[in-house]
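Worksheet: one structure, shown below.
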Number of protein chains: 2
Amino acid sequence: MTTLEDVARHAGVSLATASRVLNGSSRQVGAMMRARVESSARLLGYRVDATAQALARGASNVVGVVIQDLTDPYFAAIADGVVRAADRHHMVVTLGTTYRDPEREIAHIATLNAQRARAVLIAGSRVADERMLGRLRAELEVYRGAGGRVALIGQDLAGTDTVVPLNREAARDLAVALAGLGHRRFAVLAGPPRLYTATDRAAGFREGLLAAGLPEPVMVPGGFDRDGGRVAALELLASGPEITCVFAVNDVMAVGALAALREHGLRVPEDISLAGFDDIAPLRDLVPALTTVRLPLARMGELALELALSEPAAPRLVPVAGEVVLRDSVTALAGPVQRNLTS
Amino acid sequence: MTTLEDVARHAGVSLATASRVLNGSSRQVGAMMRARVESSARLLGYRVDATAQALARGASNVVGVVIQDLTDPYFAAIADGVVRAADRHHMVVTLGTTYRDPEREIAHIATLNAQRARAVLIAGSRVADERMLGRLRAELEVYRGAGGRVALIGQDLAGTDTVVPLNREAARDLAVALAGLGHRRFAVLAGPPRLYTATDRAAGFREGLLAAGLPEPVMVPGGFDRDGGRVAALELLASGPEITCVFAVNDVMAVGALAALREHGLRVPEDISLAGFDDIAPLRDLVPALTTVRLPLARMGELALELALSEPAAPRLVPVAGEVVLRDSVTALAGPVQRNLTS
DNA sequence: CTGTTAGCGCTTTCAG
DNA sequence: CTGAAAGCGCTAACAG
């Protein structure tokens, strides 16, 4: 391995000069020396040692992102946004995956602290568990004490910069839009009762219905993934209420629900309408195309990095709106309910 | 920031002892001292500095993975496999994304070299461009010279450990299977002519057909993504050959083709059969379910890490078989061709 | 079993 | 504009 010292010696200059020309210092260096150093470096195949640099500078150019699951397109899109933003800032991204285990989340923060990561970005909604939350906060505090910056994507954790998707508001918009199409009896595949993302969406949807003067929807809790959606839909079908439209609190659950409906010989949207949330990209070619709420996932990742990298200030909350996207999986119902039409 | 020295002083022991108890040395330390050090560390909120550790040890616990696109489920699945394997080895993953730009691929390797990454894993098929290949090889050589380990996922690059998906063989199997269902006239949406993954699959498929005694398929080159598949399919439809089955060299292209076929009022599989390659997870709920070739993507990522971390040996090639998965997007054709049935 | 002491490769005052 | 030298936090001989 060629070191800076090798380069300096080869170029006949001091270590300091070599450092100044090779690794972005603001100090000026004479053209001649500069040229000599550069050619020596090239010749010897010199590569900085970022670990030594980090040690000397007391700060790395690493940003850590911790997400729940890389194979979930929702998180992949967020991570992609982070990666793009990090590239622009010439920063290196290290990726941690929790698989929804809070224990692992904490462990990753500790690791990133050890790595002296300049910032850590945490995506994925928190679960209502005070004990874990306390430990998470503590670990974050240690990291902050060491000069680390933190930004969250999802639920607010008090005292932390956060990119907040407006789940509740967007779900309400969706409900109003669906009501406007003439639907009156809804079911909500509501996901886990302690997962904020899920409960916010379900609650917002309910609010929207009530605001439109419609009755309470049938709420079916369940898992937050494809299979959770399928199982919840099967449960719903078994209980047999008269429903014209099903809202699943995320797209992958909606896909599971779609499968369940089909198993029961129901056509979407002819026999029943279906909506999701997130507008996951690989699902855009689903037939029927899924009515959903679009969240600017990649943008949210970028925002989080910008937040973390900007001057520390009073904890900021950056709200991100979702956009209702009506597609073929929902059909308009005839009838006088048209008066509920919004927009 | 609390340092090891702080801990040592607080515990009243030497730096070396503190190091030995806190950071996995094989050396033994007395129970008393150990306890003292541990409690001091906890009390002071000590966190190792991995950058200092890396510098002192001359080796980090970072593994770099460079993929083409995180939002492509193919790469996300591979990266997920790497992450899981890295977790098991207590290694940290840093992720780089090339967006199919060879220039960025090289830059990432340089960065990972600077990071003193213990290993770098590169996924994504190479393009036939000798100039770029030369530069890539050179950068890899510098990295190896510094003690770095490299493993590839995809095309062999000579002299490097590689996990090799058997694209050609699997595509051949697929062709034979489809021939066995009675199809005789095929089109291949072949992807980019210089992308090895694409050409291998197209060539293998053709071989399979010829082996089954069938005529040459219609070959339509194009992009490797969803839209490439759509455009190629439209082209195919415009040229109007009599075809009963279309093979797209990857699943996302198949999805694009499906859209194109539908635009032309063709039903799949009633009017025309369709097959893809990769068995991308988020597409499993497509209707009709896509006939495809399953590749153990996550496993391939794990394998690559194991390869890179194991004792350096003569460059190893680990072949990975693909498995033909017949689903609803392909229908059997009546007729005497049943004699071609394999399996 | 424990402590001393060189570094690891680079940055950064501080002098010149 | 250039150089000398003191660390950054930790590890790993080498002694005891």
Side-chain angles (χ1 to χ4, degrees), chain A residues 1-38 40-41 44-62 111 113-118 145-148, chain B residues 1-38 40-41 44-62 111 113-118 145-148:
Chain A
M1 200 63 236
T2 330
T3 73
L4 230 209
E5 190 170 355
D6 298 335
V7 175
R9 191 174 319 126
H10 184 275
V13 303
S14 75
L15 229 197
T17 299
S19 169
R20 297 201 261 255
V21 359
L22 260 15
N23 308 319
S25 156
S26 54
R27 307 276 300 256
Q28 295 297 301
V29 173
M32 255 176 9
M33 302 225 128
R34 165 172 300 270
R36 284 227 302 276
V37 171
E38 276 168 347
S40 294
L44 302 178
Y46 171 73
R47 294 291 187 279
V48 241
D49 183 330
T51 66
Q53 234 171 357
L55 182 55
R57 296 217 255 244
S60 75
N61 67 334
V62 168
T111 303
N113 189 348
Q115 235 67 32
R116 293 298 181 266
R118 183 130 93 225
Chain B
M1 199 64 236
T2 332
T3 72
L4 230 207
E5 192 170 354
D6 299 335
V7 175
R9 191 173 321 124
H10 183 277
V13 303
S14 75
L15 229 198
T17 299
S19 169
R20 296 199 263 255
V21 0
L22 259 14
N23 309 318
S25 156
S26 54
R27 309 274 301 253
Q28 294 298 300
V29 173
M32 253 175 13
M33 302 224 129
R34 161 171 304 268
R36 283 227 303 276
V37 170
E38 276 167 348
S40 295
L44 302 177
Y46 171 74
R47 294 293 185 277
V48 239
D49 184 331
T51 67
Q53 233 172 356
L55 183 56
R57 297 216 254 242
S60 75
N61 66 333
V62 168
T111 302
N113 190 347
Q115 235 67 31
R116 295 297 182 265
R118 182 129 95 225

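Chain naming here is simple, since letters A, B, ... match the order of the sequence lines and numbering starts at 1 in each. The structure displayed is predicted, hence computed values, not measured ones.
- For the pair B:Arg36 CZ and C:dC1 P, the interatomic distance rounds to 16 Å; values are reported in whole Å.
- Using a 4.5 Å heavy-atom threshold, the side chains of B:Tyr46 and B:Asp6 count as separate.
- Rounded to whole angstrom, the span from the CZ atom of A:Arg47 across to the C1' atom of C:dC10 amounts to 17 Å.
- With hydrogens and angles ignored, no donor-acceptor pair closer than 3.5 Å exists between the side chain of A:Arg57 and the base of C:dG9.
- Between A:Leu4 atom CG and D:dC8 atom C1' the separation is 16 Å, expressed in whole Å.
- Per the geometry, CG belonging to B:Leu55 stands 12 Å off P belonging to C:dT11, to the nearest Å.
- Taking side-chain N and O atoms only, B:Asn23 has a distance below 4.0 Å to OP1 or OP2 of D:dT11.
- Between A:Thr3 and C:dG9, a side-chain N or O to OP1/OP2 separation shorter than 4.0 Å is absent.
- Within the 4.5 Å cutoff, the side chain of A:Arg36 has heavy atoms near those of the A:Val13 side chain.
- Between the side chain of A:Arg116 and the base of D:dG9, no donor-acceptor pair of N or O atoms lies under 3.5 Å.
- Within the 4.5 Å cutoff, no side-chain heavy atoms of A:Arg20 are placed close to those of A:Arg34.
- Taking side-chain N and O atoms only, A:Thr17 has a distance below 4.0 Å to OP1 or OP2 of D:dG3.
- Residue B:Gln53 has a polar side-chain atom (N or O) positioned under 4.0 Å from OP1 or OP2 of D:dT11.
- A:Arg34 places its CZ atom 10 Å from the P atom of D:dC1, with the value rounded to the nearest Å.
- Protein atom CE of B:Met1 is 14 Å distant from nucleotide atom P of D:dC8, rounded to whole Å.
- B:Met33 comes within contact range of the sugar-phosphate backbone alone, with a heavy-atom separation under 4.0 Å but no base atom that close.
- Residue whose closest nucleotide on DNA chain C sits further toward the 5' end, between B:Ala56 and B:Gly12: B:Gly12.
- Residues A:Leu22 and A:Val48 form no side-chain contact, since every pair of their non-hydrogen atoms from C-beta on lies 4.5 Å or further apart.
- Place B:Ala52 and B:Ala31 on DNA chain C by their nearest nucleotides, and B:Ala31 ends up nearer the 5' end.
- For the pair B:Leu15 CG and C:dC1 C1', the computed distance is 17 Å after rounding to whole Å.
- Looking only at side-chain heavy atoms (C-beta outward), A:Val62 and A:Arg118 stay at 4.5 Å or farther from each other.
- In this structure, A:Gly58 reaches neither bases nor backbone, as no heavy-atom distance under 4.0 Å exists between it and the strands shown.
- Atom P of nucleotide D:dC8 and atom CD of B:Glu5 are separated by 8 Å, given to the nearest angstrom.
- The nucleotide whose nearest atom lies closest to any side-chain atom of A:Asp49 is, among C:dC10, D:dA12, D:dA4, C:dC10.
- For B:Ser19 and D:dT11, the shortest distance from a side-chain N or O to OP1 or OP2 is below 4.0 Å.
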